[in-house]
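The structure appears right after this line, and notes come after that.
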Amino acid sequence: IDDPARLPVARHHVIWKAPRRGRLVRLDAGLIGRAATLLGAGRLRKEDRVDPGVGITFHAKQGDPLERGQPIATVHYGQETRLQSARPLLEQAITIADTKPRRSPPLVLERLS
């Protein structure tokens, strides 16, 4: 990086769009994390190099209504082969349905004194 105040930027990006109308009912964080790793944002092995410019920026959140073609996320990548490796995981990680998502359980179940 020539200017340390400037963050690295991936060479390419693609807008991930909703394939149909519905509600965003599920974002699987584990699959999204693995997809980001395949893009180069993390390491599969200790000797792998991390690309600080790649990653996934979400524009929609769980429960949001979506129209067909509406942007869900922007995928920032450096190499086409890495994007192709991550694509199936992203397709599995994002679920659009006709109904509202189930309400998540509360984060705090009870307090102990």
Given side chains that start at C-beta, do those of Gln79 and His12 come closer than 4.5 Å, heavy atoms only?
no
Any link between Val14 and Phe58 through a network of hydrophobic side chains (Ile, Leu, Val, Met, Phe, Trp, Tyr) touching at under 4.5 Å?
yes
Determine yes or no for a side-chain-to-main-chain donor-acceptor pair under 3.5 angstrom, with Arg23 supplying the side chain and Gly63 the backbone.
yes
In terms of heavy-atom contacts, Ala86 and Ala35 come closest through CB-O, 3.5 Å
Hey, quick one: are Leu66 and Ile56 part of the same hydrophobic cluster, counting side-chain heavy atoms closer than 4.5 Å, chains of contacts allowed?
yes
From Gln70 CD over to Ile15 CD1, what is the distance, rounded to the nearest 0.5 angstrom?
12.0 Å
Min side-chain heavy-atom separation Leu44-Thr37 under 4.5 Å
yes
Side-chain heavy atoms of Arg26 within contact of Leu31, under 4.5 Å:
yes
Gap between atom NE2 of His76 and atom CG of Asp51 - 0.5 Å precision
11.5 Å
Linked, directly or transitively: Ile32 and Val54 (ILVMFWY side chains, under 4.5 Å)
yes
With sequence neighbours excluded, tell me which residues meet side-chain contact (heavy atoms from CB on, under 4.5 Å) with Arg68.
none
Out of curiosity, does Leu89 fall in the hydrophobic cluster containing Ile72 (side-chain heavy atoms, cut-off under 4.5 Å, transitive links)?
no
As an exercise, state the distance from NZ of Lys61 to CG of Leu27, rounded to the nearest 0.5 Å.
11.0 Å
Distance in Å, His13 NE2 paired with Leu83 CG, rounded so as to fall on 0.5 Å steps
12.0 Å
Once you round to the nearest 0.5 Å, how far does CD1 of Ile96 lie from CG of Leu24?
6.5 Å
Rounded to the nearest 0.5 Å, what separation is found between the NE2 atom of His59 and the NZ atom of Lys17?
11.0 Å
Identify, with sequence neighbours excluded, every residue that meets salt bridge (charged side-chain N to carboxylate O under 4.0 Å, His left out) alongside Arg45.
Glu47, Asp48
When you compare the side chain of Gln84 with that of Tyr77, does any pair of heavy atoms fall below 4.5 Å?
no
Please determine whether the number of non-hydrogen atoms from other residues, nucleotides or ligands lying under 6.0 Å from atom CZ of Arg20 exceeds 12.
yes
